[in-house]
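Below is one structure, written out as structure tokens; comments come after it.
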Amino acid sequence: MPEAPELEVVKGFLIDRAVGASVESARVLRPSVLRSMAGDFEGDILGRAIEDIRRTGKFLTLALRGDRLLVVNPMLTGGFQWSGPSDRVFKRTCFILTLSNGSELRYIDERQMGRVYYVSPDQMEQIPQYADMGPDALDEPLSLGEFKERLRPFRGEIKGIITRGRVIAGIGNAYVDEILWEAEIYPFRKKRDLSDDDLQRILNASAKVMSGAVGQVREAMGGDIHRKRRDFLKVHNRGGEPCPRCGAAISQLTANQRITSYCRTCQPGLLLRR
């Protein structure tokens, strides 16, 4: 799943290359991901220039001339690809925008789980999950008091709470593993059992991990903005490898198609409570 660092890099890449170009043609190959609330997508988007590109949490928004927005929630496997007209079209390509600068902006999604919304600004509140997002993970960190207040409505395990995006937006399954490892917090620990010191460590780790990842992603991704490059992560998806801090083997569990990676030595806790 693209998270805030990946989408921040994609945003910057597209600002440098796509802003100012207009859409000369639009071709929808797999319509299941597209939700057009502002007329016929292929016809209405023609001639509109891309004026700005924004990111909020795990959403990327292309602002188009004439009060149109293309809002992308890539979910697990979605993302943009920057291509030339002669580049091979992947089977997982959902739609193609041909731009006036001679390039193509393609949305690809292997499982077609993502959602792309073509809307006017007054329809933004109709986009599922968008209005519910908390403060962005790459913005100024929350104070401890603000963090506790945002956590108040939630119960359960801290990893699951953080990845919902309503407390802090933009943190998904991969980076929450990194954050909790950095903070030395067991991922299945209940929120109610966390002390103020634990919560402060999570806040500090979140700021460090998320801001630091942007530069690492940019270097690893290069021009292949459709590829997920995470070789620099310390624990996520590294089950069996030595922990970078203590050397113990990293533990890894998979449940509901979601990997959790952590160090039992650095992040002690009981998986089952009796």
Side-chain angles (χ1 to χ4, degrees), residues 1-16 53-60 74 76 79-80 133-144 146-147 150-151 158-187 189 194 196-239 241-248 250-252 258-263 265-267:
M1 175 185 290
E3 301 178 31
E6 285 86 11
L7 292 176
E8 187 69 14
V9 171
V10 172
K11 181 192 79 171
F13 181 96
L14 293 179
I15 285 174
D16 290 342
I53 298 174
R54 304 186 290 268
R55 182 198 59 80
T56 306
K58 288 181 275 187
F59 285 79
L60 201 64
L76 284 176
F80 279 117
M133 286 188 289
D136 192 83
L138 293 175
D139 286 347
E140 190 71 21
L142 297 172
S143 69
L144 178 60
E146 291 169 330
F147 190 39
R150 296 201 66 84
L151 285 169
I158 188 60
K159 174 174 178 173
I161 293 172
I162 291 176
T163 56
R164 291 182 190 183
R166 295 176 64 183
V167 177
I168 301 175
I171 301 173
N173 191 55
Y175 287 100
V176 74
D177 281 354
E178 299 294 297
I179 289 167
L180 294 177
W181 177 82
E182 184 71 32
E184 300 185 52
I185 300 293
Y186 183 58
R189 196 164 166 192
L194 294 168
D196 282 1
D197 179 65
D198 294 329
L199 295 176
Q200 187 63 60
R201 295 207 313 274
I202 292 172
L203 277 174
N204 295 344
S206 175
K208 177 181 178 180
V209 168
M210 299 303 280
S211 62
V214 175
Q216 293 170 305
V217 169
R218 184 178 292 112
E219 181 178 353
M221 188 179 285
D224 295 330
I225 59 172
H226 59 292
R227 300 190 185 279
K228 187 166 60 177
R229 308 284 192 185
R230 289 176 173 168
D231 294 345
F232 58 86
L233 296 184
K234 295 178 179 178
V235 292
H236 180 74
N237 207 21
R238 293 189 178 276
E241 296 181 24
C243 169
R245 185 163 44 220
C246 73
I250 295 170
S251 297
Q252 188 155 295
R258 186 172 78 167
I259 291 171
T260 294
S261 310
Y262 65 104
C263 175
T265 301
C266 294
Q267 301 164 267

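Numbering starts at 1 and runs along the sequence shown.
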Is [X] reaching over with its side chain to a backbone N or O of [Y], donor-acceptor style, under 3.5 angstrom?
X: Q200; Y: D196; value: no
X: E3; Y: A174; value: yes
X: S261; Y: G239; value: no
X: N173; Y: I259; value: yes

Once rounded to the nearest 0.5 Å, what's the spacing between atom [atom1] of [X] and atom [atom2] of [Y]?
X: I171; Y: M210; atom1: CD1; atom2: CE; answer: 5.0 Å
X: I162; Y: S206; atom1: CD1; atom2: OG; answer: 7.5 Å
X: L180; Y: E182; atom1: CG; atom2: CD; answer: 10.5 Å
X: W181; Y: L233; atom1: CH2; atom2: CG; answer: 11.0 Å
X: Y262; Y: I185; atom1: OH; atom2: CD1; answer: 14.0 Å
X: I202; Y: D197; atom1: CD1; atom2: CG; answer: 10.0 Å

Using every non-hydrogen atom in the two residues, find where [X] and [Y] come nearest and quote the distance to one decimal.
X: A169; Y: G134; result: CB-O, 3.4 Å
X: T260; Y: P187; result: CG2-CG, 3.9 Å
X: Y175; Y: A213; result: CE2-CB, 3.5 Å
X: C266; Y: C243; result: SG-SG, 3.8 Å
X: K208; Y: S211; result: O-OG, 3.5 Å

With R230, the side-chain hydrogen bond (donor to acceptor under 3.5 Å, both in side chains) member among E6, Q216, E178, H236:
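Running side-chain hydrogen bond (donor to acceptor under 3.5 Å, both in side chains) over E6, Q216, E178, H236 with R230 returns exactly one hit, E6.
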Go through H226 and D224 one step at a time and tell me if the side-chain contact (heavy atoms from CB on, under 4.5 Å) criterion holds.
CA-CA 5 Å; H226 59 292; D224 295 330; 4.1 Å; yes
Please examine the side chains of [Y] and [X], heavy atoms only from C-beta on, and report whether any two atoms are closer than 4.5 Å.
X: F59; Y: M133; answer: yes
X: K234; Y: I250; answer: no
X: L142; Y: R150; answer: yes
X: R245; Y: T265; answer: no
X: L7; Y: P74; answer: yes
X: F232; Y: V217; answer: yes

side-chain contact (heavy atoms from CB on, under 4.5 Å) between E241 and V235: does it pass, once the steps are laid out?
CA-CA 8 Å; E241 296 181 24; V235 292; over 6 Å; no
Taking R201 as the fixed residue, which of N204, L199, L203, D198 is the one that meets the side chain to side chain contact (heavy atoms under 4.5 Å, CB included) rule?
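Per the side chain to side chain contact (heavy atoms under 4.5 Å, CB included) rule, the option paired with R201 is D198, out of N204, L199, L203, D198.
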Checking R55 against V10 for the side-chain contact (heavy atoms from CB on, under 4.5 Å) test, could you report, in this order, the C-alpha distance in whole Å, the side-chain angles of both residues, the deciding distance, and whether it holds?
CA-CA 9 Å; R55 182 198 59 80; V10 172; over 6 Å; no
Considering residues, nucleotides and ligands other than E219, do more than 12 of their heavy atoms fall under 6.0 Å from its CD?
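At most 12 heavy atoms, drawn from other residues, nucleotides or ligands, come within 6.0 Å of this atom.
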